[in-house]
Amino acid sequence: MNLETEHQGEIILIRVLDDRIDAASAIQFKERMREIVAKPSTRVVLEMSNVGFLDSSGLGAVVAVMKALGPIRRLELSGLSPTVEKVFRLTRMDSVFIIHKSLPEALRRAG
Amino acid sequence: MGGTLSLTPPDGARLVIEATTLDVRQGLRDLMRCPLIQDLSADCLGTTELVLAEALNNVVEHAYARYSGQIEVEVRRDPAQLRFHIADKGLPMPGAAPPTGRLPAVGAFEDLPEGGFGWFLIRSLSQDLAYRREGERNLLSFGVLVDTAAC
């Protein structure tokens, strides 16, 4: 599971570099993410535009990461593909996360 | 790792894989690229891959929880749907029926569900789901509509 982490002020931005979060990678994703979000921040944004496929194990892992953030921070998701978005919508988990259509303006790299 | 994908012209394909999550991933990649399926719209491809992934990973995690073994997938295409037949030699489904797949409740933050979505997704996105135990084998079949409006 390849993740790229960037600290921008009070925000941790994590880009998923793999093209899927599935039953074969969900546990590793969850463990890597828990290590990353253990650092204090006010916001955690997960950039998923490379992810074309997420199954129920992947969804469960993303929920687990959200719970690892504790009750104050919510996990923000960005760049969901139509198929990935559909999994969140059907399971009603879209109501649990803050979902951005694309990376929030403040986090886009200059140039 | 790596399964065997064979095309069964004019309108079918057959895949045999070892029951591991990595073999499921590779098998899905092979199957989604086969001529029978690859012309579907992106939405239908995504739905098909999702339903199939859930069904196959259930076999890996439950039927073969205590054993290793193989999974056979046969698919046939008709104008309206892809029809999948999945066979394994693992443990039978509890109660001799697939789970009802009720959506886990979204409750308090600390109780947010981390699982239990798989059968909900299968039942939401497939047609005519059928399961039976035949001798030592589990046989599961379902259809996925291939009309873009339905995906």
Side-chain angles (χ1 to χ4, degrees), chain A residues 1-2 18-31 33-34 37 44 48-75 77 79-99, chain B residues 1 17-29 31-32 40-62 64 99 101-126 148 150-151:
Chain A
M1 175 54 62
N2 291 302
D18 288 12
D19 64 357
R20 50 204 292 138
I21 307 175
D22 61 10
S25 62
I27 292 174
Q28 207 194 1
F29 168 80
K30 192 160 58 177
E31 286 172 356
M33 285 292 293
R34 278 182 178 150
V37 303
V44 177
M48 297 177 70
S49 58
N50 288 327
V51 180
F53 183 80
L54 173 123
D55 63 13
S56 65
S57 301
L59 176 66
V62 176
V63 173
V65 170
M66 162 96 159
K67 286 159 82 172
L69 295 182
I72 308 294
R73 294 184 294 178
R74 268 171 90 188
L75 186 56
L77 309 176
L80 305 188
S81 76
T83 302
V84 172
E85 189 272 337
K86 185 174 183 172
V87 174
F88 280 91
R89 182 165 38 83
L90 283 174
T91 57
R92 304 206 189 119
M93 285 294 124
D94 56 348
S95 63
V96 170
F97 299 90
I98 296 167
I99 297 179
Chain B
M1 190 179 72
I17 55 169
E18 295 299 317
T20 76
T21 53
L22 279 172
D23 286 279
V24 167
R25 179 194 277 180
Q26 187 59 49
L28 288 170
R29 280 201 169 136
L31 205 54
M32 293 304 123
L40 298 184
S41 69
D43 282 352
C44 288
L45 267 179
T47 300
T48 302
E49 184 169 10
L50 180 60
V51 176
L52 198 51
E54 298 301 338
L56 295 176
N57 284 316
N58 277 330
V59 173
V60 173
E61 288 160 25
H62 299 289
Y64 286 124
R102 202 166 293 125
L103 190 61
V106 178
F109 172 81
E110 59 274 18
D111 298 327
L112 282 176
E114 294 176 34
F117 301 114
W119 277 104
F120 169 80
L121 290 169
I122 294 172
R123 288 192 179 272
S124 302
L125 297 170
S126 71
T148 297
C151 289

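All figures in this text were calculated on a predicted structure; none of them were measured in a lab. Note that these values count all heavy atoms, side chains included, but never hydrogens, waters or copies made by symmetry.
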- Would you mind checking which part of A:T83 comes under 4.5 Å of any heavy atom in chain B, side chain (CB onward), backbone (N, CA, C, O), both or neither? side chain
- Answer key: most heavy-atom pairs under 4.5 Å with chain A among B:T47, B:V60, B:L103 is B:L103
- Item | 4.5 Å side-chain heavy-atom contact, B:D43 and A:P82 | yes
- Query: Under the salt bridge (charged side-chain N to carboxylate O under 4.0 Å, His left out) test, which residues partner B:R29, sequence neighbours left out?
  - Reply: A:D19
- Can you say whether B:F120 sits under 4.5 Å from chain A via the side chain, the backbone, both, or neither, judging by heavy atoms? side chain
- Between A:K67 (side chain) and B:L112 (backbone), is there a donor-acceptor pair under 3.5 Å? yes
- Message: So A:D55 and B:F117, do their side chains get closer than 4.5 Å, heavy atoms only?
- Response: no
- Any side-chain heavy-atom pair from B:L28 and A:R20 closer than 4.5 angstrom? yes
- Which region of A:S25, side chain (C-beta onward) or backbone (N, CA, C, O), has a non-hydrogen atom less than 4.5 Å from a non-hydrogen atom of chain B, or is it both or neither? both
- Message: Does any part of the side chain of B:L121, heavy atoms only, come nearer than 4.5 Å to the side chain of A:L59, both counted from C-beta?
- Response: no
- Task: Identify which part of B:L45 has an atom lying under 4.5 Å from any heavy atom of chain A, answering side chain, backbone, both or neither.
- Result: neither
- Message: Using heavy-atom distances under 4.5 Å, tell me whether B:P113 contacts chain A through its side chain, its backbone, both, or neither.
- Response: both
- chain A contact via B:N58 - side chain, backbone, both or neither, heavy atoms under 4.5 Å: neither
- When the 4.5 angstrom heavy-atom criterion is applied to B:E54 and chain A, the contacting part is side chain
- Task: Measure the spacing between CZ of B:F109 and CG of A:L69 and express it to the nearest 0.5 Å.
- Result: 6.5 Å
- Task: Decide yes or no for A:F53 and B:L50: does some side-chain heavy atom of the first lie under 4.5 Å from some side-chain heavy atom of the second?
- Result: yes
- If one checks every heavy atom of A:M66 against chain B at 4.5 Å, the contacting part turns out to be both
